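So the structure is just underneath, and the comments pick up after that.
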Amino acid sequence: DAGVTQSPTHLIKTRGQQVTLRCSPKSGHDTVSWYQQALGQGPQFIFQYYEEEERQRGNFPDRFSGHQFPNYSSELNVNALLLGDSALYLCASSLVISSYNEQFFGPGTRLTVL
Amino acid sequence: AQSVTQLDSHVSVSEGTPVLLRCNYSSSYSPSLFWYVQHPNKGLQLLLKYTSAATLVKGINGFEAEFKKSETSFHLTKPSAHMSDAAEYFCVVSNYNNNDMRFGAGTRLTVKP
């Protein structure tokens, strides 16, 4: 079992550019959540996808968008990058069928915006 | 709304001594509570979770936490620290469906030889 995988591991962009981050969930999982972890802070919930639809969203602007594919993998897109978007972006997967499910986290994508 | 406050940003202990990482929560309904650990360059790993069953929760690697509703606390403890316990620890509160998990700011645990 490969667990949750994310790509790329590191990314450098400049202000105003757009970026796409990718996540493959743990085998058997159908729900993907994305988090932003700024340096020295705890992760902040961006949004969660289930059945290819955004199920819940945190307090992030519309510049942050996502997608879930039929195979449950997911993408996070960020448009018009700002310096403040520099962070570790974490993907977590879980199984929606039962409550209190553990979310399994990937190693993250480190995004640097210059 | 729900939130957690981790009362210490940094805790330093000697190997073999007890560990206490403190967490207070705020929630308008019966919460789920978790502790996650993050080692450098590794993903977050679940240590333990409270989901309205037993108030004393045992997790992996000898960690445990006690849910105290009257004190709105969920402190993490371990009787004897190992060097491998050095990491960042996050307390998390969530709603029933776990689609709105709120992380604390984290506590960095240092273990001295």
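All values derive from a computational prediction rather than experimental measurement.
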Is the closest side-chain heavy-atom distance between M101(B) and Y35(A) below 4.5 Å? yes

Is there a continuous path of hydrophobic side-chain contacts, each under 4.5 Å between heavy atoms, that joins [X] to [Y]?
X	Y	result
Y50(B)	V37(B)	yes
M83(B)	Y89(B)	yes
F74(B)	L76(B)	yes
L7(B)	L33(B)	no
Y72(A)	L90(A)	no

Could you tell me which residues satisfy side chain to side chain donor-acceptor pair (under 3.5 Å) with S73(A), sequence neighbours excluded, listed by chain and number? N71(A)

Which portion of Q6(A) sits near chain B, non-hydrogen atoms under 4.5 angstrom: neither

Quick one: CD on Q37(A) to CZ on F90(B), what's the gap to the nearest 0.5 Å? 4.5 Å

If you look only at pairs with a residue in residues 6-15 of chain B, which of them pass as a salt bridge (charged side-chain N to carboxylate O under 4.0 Å, His left out), with sequence neighbours excluded? D8(B)-R22(B)

More than 12 heavy atoms of other residues, nucleotides or ligands under 6.0 Å from CZ of R15(A): yes or no? no

Start with the C-alpha distance between F105(A) and Q45(B), add both sets of side-chain angles, then the distance that settles side chain to side chain contact (heavy atoms under 4.5 Å, CB included), and finish with yes or no. CA-CA 7 Å; F105(A) 284 82; Q45(B) 180 185 20; over 6 Å; no

Quick one: salt bridge (Lys or Arg N to Asp or Glu O under 4.0 Å) partners of E88(B), sequence neighbours excluded? none

What part of Q38(B) is in contact with chain A, defined as an atom under 4.5 angstrom from a non-hydrogen atom: side chain, backbone, both or neither? side chain

Checking an interface table here. Which of residues 106-114 of chain A come within a heavy-atom distance under 4.5 Å of chain B? G106(A), P107(A)

Near-ring test F45(A)/F103(B), centroid separation under 6.0 angstrom: no

